[in-house]
Protein chains: 2
Amino acid sequence: MTEATRRERLRAETERDIRRQARALLVARGRDAVTLRAIARELGITAPALYRYYDSREDLLHQLADDICTDLARELDADLARIPSDDVTEQVYAVCRGFRRWALAHPQEFALVFASTETTLGGCGPDDRHQVGDQFGRVFLEVAGRLIAGHPAPEPGPPDVPESLHADLEVFQRVLVDTVNARGVPADDDLLPLSAVYHITQSWVRLYGHVALEVFGRFPFAMSNPEPMFDSMLAEILGEMGFTGR
Amino acid sequence: MTEATRRERLRAETERDIRRQARALLVARGRDAVTLRAIARELGITAPALYRYYDSREDLLHQLADDICTDLARELDADLARIPSDDVTEQVYAVCRGFRRWALAHPQEFALVFASTETTLGGCGPDDRHQVGDQFGRVFLEVAGRLIAGHPAPEPGPPDVPESLHADLEVFQRVLVDTVNARGVPADDDLLPLSAVYHITQSWVRLYGHVALEVFGRFPFAMSNPEPMFDSMLAEILGEMGFTGR
DNA sequence: AGAATTCAGTGAACGGTGTTTACAGAGTTG
DNA sequence: CAACTCTGTAAACACCGTTCACTGAATTCT
């Protein structure tokens with residue numbers, strides 16, 4: 001029945017085990033603790049065996065980052081599924097809060113994926129479903145773009161888009177529109193004007209900024225509970241986009 | 001003449017050399033390349049000798065982060081000194097742009113200081129001048145607070161400060177006011193109301209968010225030149241605070 | 001001045017790391 | 001059943017942080 005040969009099954013299983021152990025080490029003791037020898041030890045094999053699966057430790061960490069992205073996307077999608085599909089505002093809230101919750105619960109993973117100097121972070125998310133390419137941030141932005149495109153948002157002008165960004169933003173606009181279309185929701189450039197694309201990017205800046213500052217403890221003062229500030233920021237972001245308060 | 005004994009002079013000199021080499025390694029090949037043995041090798045001594053200066057590699061990296069903070073603060077102050085002292089808007093621009101420029105020119109240092117999961121990052125900046133304590137972000141926020149306090153800013157209400165943040169914000173307000181006073185500019189709580197403190201924090205979120213995303217290449221699309229977006233964001237932040245465009 | 005003490009630096013050692021190499025042996029394929 | 005593919009091994013190399021007993025110069029004490 002199973003097309004896979006015995007060897008292929010074993011290999012796939014070992015590969016899953018490797019990544020599971022690597023993940024466990026990352027969570028428990030940070031990036032530096034993700035050691036080939038530690039992983040091998042835990043799996044009852046020897047370190048050089050891992051080279052049958054990954055080119056190097058760096059490669060393994062790279063793959064690990066991809067796994068993490070996929071899991072994060074899955075988690076956010078699950079959050080999304082619990083919201084009535086007509087309540088756009090609540091959907092945005094859910095995704096943003098989900099991102100913050102995930103980051104705070106998984107600081108090491110967050111640091112690896114979202115605050116690493118390694119430039120080589122490849123495409124994120126399940127590459128087969130939507131192969132857009134190379135940069136990240138899309139887990140969140142995809143969802144945001146989809147939601148916004150499905151909403152007849154009145155654009156409240158002011159933050160003029162710098163002309164020198166038009167070209168770049170148009171590329172991103174196309175990516176967003178295509179992504180939304182691929183999900184079945186018809187949309188075109190008119191539904192997602194450049195100013196909206198620009199605003200989405202600015203929202204990502206603020207969302208990421210808050211979450212990263214919280215994860216790394218780099219807010220300028222201690223907050224007994226940063227959540228109200230986060231929620232207030234979300235309300236402001238949504239308000240600027242023409243969504244009324246929850 | 002010199003009060004210092006010969007041994008003290010040599011020690012201070014070696015300590016400077018150690019930090020200089022550590023810094024060079026960090027810049028050239030990243031945090032992982034800052035190894036005790038590499039530093040020692042470069043200095044013509046042996047690795048255990050470094051334990052006469054630092055408790056551990058972790059401790060050395062910690063001190064290194066402090067050095068970096070000091071340098072960054074010095075650099076921003078230098079930028080500031082070139083701006084006419086009555087042009088507040090331009091001063092804010094200078095500090096924010098200076099921070100971005102520094103981060104892009106020193107990505108490894110930025111990552112070590114501003115995106116590290118190590119919770120133990122102690123007070124930053126020269127601790128003797130202002131010993132506020134434990135968290136960071138102040139290099140920028142100090143300057144921002146000082147500038148804003150010296151400016152009769154009309155507060156444009158809207159972003160209501162969540163009540164649950166009042167207590168925390170008041171602590172930060174006190175720190176900011178004290179810092180400003182310590183610089184000779186008289187100020188009190190009225191000149192820096194809670195809403196302004198809140199807005200400063202939100203500005204830090206956006207400034208940090210943009211810079212970190214750029215340094216780590218985590219914007220959702222490639223920008224041929226991200227600077228216009230940064231400038232546009234600064235203009236918006238300043239506009240919200242009642243400053244007219246440059 | 002000479003003895004006592006402090007202390008920066010050494011060399012050897014321990015256990016850890018990534019990575020390469022030659023080699024075994026099971027799984028698969030002709 | 002032979003030929004081949006591929007996962008795993010053991011040994012080795014060059015690193016790493018850290019500890020320890022030690023030397024010898026700089027300093028301090030008497």
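Keep in mind that this is a model prediction, so the values were computed, not measured.
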Please report the distance, rounded to the nearest Å, between [atom1] in [X] and [atom2] in [N].
X: B:Glu13; N: C:dA8; atom1: CD; atom2: P; answer: 14 Å
X: B:Tyr54; N: D:dT19; atom1: OH; atom2: P; answer: 17 Å
X: B:Asp59; N: D:dT18; atom1: CG; atom2: C1'; answer: 14 Å
X: B:Arg41; N: C:dG9; atom1: CZ; atom2: P; answer: 17 Å
X: B:Asp32; N: D:dC15; atom1: CG; atom2: C1'; answer: 13 Å
X: B:Leu60; N: D:dC16; atom1: CG; atom2: C1'; answer: 15 Å
X: A:Ile18; N: D:dG8; atom1: CD1; atom2: C1'; answer: 11 Å
X: B:Leu50; N: C:dA8; atom1: CG; atom2: P; answer: 12 Å

Check ion pair [X]-[Y] (N to O, under 4.0 angstrom):
X: B:Glu170; Y: B:Arg174; answer: no
X: A:Asp79; Y: A:Arg101; answer: yes
X: B:Arg74; Y: B:Asp71; answer: yes

Task: Exercise: do A:Glu58 and A:His62 side chains pair donor with acceptor under 3.5 Å - done: no
Task: Any side-chain donor near an acceptor of the partner, A:Ser56 and A:Tyr51, under 3.5 Å - done: no
Task: Charged tip of B:Arg100 within 45° of B:Phe230 ring normal and under 6.0 Å - done: yes
- [ ] Mark up nucleotides 18-26 of chain C, 5' to 3', with B wherever a protein heavy atom is under 4.0 angstrom from a base atom, S wherever such an atom reaches only the sugar-phosphate, and - elsewhere.
- [x] BBB-----B
TODO: Establish, with yes or no, whether the OP1 or OP2 oxygen of D:dG8 is under 4.0 angstrom from a side-chain nitrogen or oxygen of A:Thr46.
DONE: no
